Each structure stands twice: as structure tokens, then as C-alpha cells.
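This report concerns only the one structure given below.
Each ligand, and each atom within it, is numbered from 1 in the order the structure gives. From a predicted model like this one, the values you see are computed outputs, not experimental measurements.
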Amino acid sequence: MLIFTKKNELSEQLETLRNKGLKLGFVPTMGALHKGHISLIETSRQQADVTICSVFVNPTQFNDKGDLERYPRTPEQDTAMLREAGCDILFLPSVAEIYDGSPDEQIDLGYLNHILEAAHRPGHFDGVAQVVSRFFKIVKPDLAFFGSKDYQQVMVVKRLAEVLHLPVHIIACPIIRESDGLAMSSRNTLLSAEERQAAAQVPQLLNQAKALQKQNNPDTVRRNITEMASAIPNSRLDYFEIADALTLKPLQSWQEAEKAVALVAIYIGRTRLIDNLILY
Ligand code: AMP
């Protein structure tokens, strides 16, 4: 596995590979890697000729400074896991290398930048859009792989690629879960033993929403799940929403959408977890 810290050196290497006609697959991450990330690497290896992974804790997408400081960082372990997974190229840039003073792209994310994660983490997706557009300019991938755990983020990245007319194909990959159902997340390492136990109830909220969907209208499901969430020890619900899976517009009736998704964001102690489930 080749490791780059300088964008110019990486771009040069990738240009050589591109000129050989090789298809480039890109997996951007913030490190503290787990099996969810590795599943993206594996999918990229299946679909692309060369897999590039970036590990970069992007400061501009953290609206909470404490969250940025607490964010886990395990660069040695990440490097070993990527090597083991057969990743071809690792990009490990510094903050100054990415935010080099060049102006931000103006990207209108529209409705996506006003709801759910955007409403609860102001500026978050502007930061995501900035870092992803900067990475896309450096890597110029043919394919880019993102986890559906960050459901809204996948939509944001697709929108960004469209607005900037980038010839990249965005691929949404399934959520990888622990054996008790908790979605894998770098943030899970921040949970105490009791919090980790409580966190196992988060996917149960979504499973229960799916079970209730058949016999109840969306508002009844919302009320039920909100009440169920309030019983999770040491938790604070940020939002629970049922939305059209294609637009993320909240649903009043099931007839409004061909496909529906339930989305949750919840604090367990100080740690904010997100998850989602397609209902139908
Ligand atoms: P992060 O390092 O949290 O920014 O995540 C990097 C990429 O890995 C994003 O596209 C995430 O959606 C994806 N990812 C994170 N957790 C999981 C998971 N449990 N299953 C699948 N993909 C994931």
C-alpha cells in the first residue's frame, strides 16, 4: 500500500494510473476504522481497479469543538487495517494540505441543507461538501463509496457531484452492524460499558418503527418511537423522523412515498449516534 500525505504527489501518481486506463475507486473516511469502513474498501476493490482511501478528520464539518477534540484517532491501526484489507493507496493529509487557502466552492445543497442532520448540526453539510469537493478534485475518482449509515450525507454527496458536474459515480453501501444490531461507528469507542448497553436499543427503535408501520400512520409511529426512546437510560433524542426515502420529506401518510426511511439521531451520554432503516 502506498501512503501519501501531499496532494500533488498523490494526484501525480493517480494521473499515471488513470492514463493506463485503470478505474479509480475512492473511500473517504475520518479514520478510527472499523468493519463498516472496511466493507467500503472491499466493495471498491470489487468494482474498481485501484482503491484509494483517505483518512482525514475534517474540522469544518464539526459544529461542536468538543466533539472534534474527542473524535477518536488511531492512525497506526487504520494503516494496518487498510493494508490487511488490500487497499492500494492511503491518503493521510494534514489540515493545511486540504485547507490551503484556496476558496471554498459555492455549493447550494438546497432542501437537504435545512432538515434532519442539517437542522441539528448547523454548518455540518457545508463542511462535508467542502471536504468532499476538495478530495474529489485531488483524487478525481471514477467511483466513490459512501455508507448508508450517513443516509443524508449520501444524498448530499450525490447532489454535490451533480451541481459541480463531476463525472464520479456515487455508490451507497449497506450499513454494517454489531451482533446486537448497533450500527458500527468510530464514535462507539467513546461509549462507557453502560452507555454501550443502552446504545443497543437504538437499532431497536428503528426495528420497532418498521413493525409499527404496517398498522399505524406515520404520526402514531413517531409518537410511539419517541416515547420508547425516552426510556433509554442516559439518552437524549435529537430527532426521530419518518421520511420519503428519495427526498427526505417527512411523511404524513404512507401513500405519499414509494419508499420510506426512518432516521434517528440520539445522544447516549455525550456521544451522538445516528442510524436509519428503510421501512418499505
Ligand atoms: P466516517 O469515518 O464516519 O466519516 O465514515 C466514512 C465512511 O464510512 C462514510 O461513508 C460512512 O457512511 C461509512 N460508514 C461508517 N460507518 C459505517 C457502517 N457501520 N456501515 C457502513 N458504512 C459505514
May I ask you to identify, for H34, whether its side chain, its backbone, both or neither come under 4.0 Å of ligand 1 on a heavy-atom basis?
side chain
Ranked by distance from atom 3 (O) of ligand 1, the top protein heavy atom is Y71 OH, 3.8 Å
Nearest protein heavy atom to atom 5 (O) of ligand 1, by residue and atom, and its distance?
H37 NE2, 3.4 Å
For S185, which part has a heavy atom under 4.0 Å from ligand 1: side chain, backbone, both, or neither?
neither
Can you check whether I176 has an N/O within less than 3.5 Å of an N/O in ligand 1?
yes
Is D49 reaching over with its side chain to a backbone N or O of K23, donor-acceptor style, under 3.5 angstrom?
yes
Closest heavy-atom approach to atom 10 (O) of ligand 1 among A32, G147, S186, A183 is made by G147
Give the atoms of ligand 1, by number and element, whose distance to some non-hydrogen atom of M184 is under 4.0 Å.
16 (N), 17 (C), 18 (C), 19 (N)
Among L40, V154, D275, V157, which one has a heavy atom closest to atom 7 (C) of ligand 1?
L40
Report the part of C173 (side chain from C-beta onward, or backbone N, CA, C, O) that has a heavy atom under 4.0 Å from ligand 1; answer both or neither where that applies.
neither
Tell me whether the NZ or CZ atom of K249 lies within the 45° cone about the ring axis of Y111 and under 6.0 Å from its centre.
yes
Contact check: K149 vs ligand 1, nitrogen or oxygen atoms, below 3.5 angstrom
no
Any N or O on D150 sitting closer than 3.5 Å to an N or O of ligand 1?
yes
Is it the side chain, the backbone, both or neither of M30 that has a heavy atom closer than 4.0 Å to ligand 1?
both
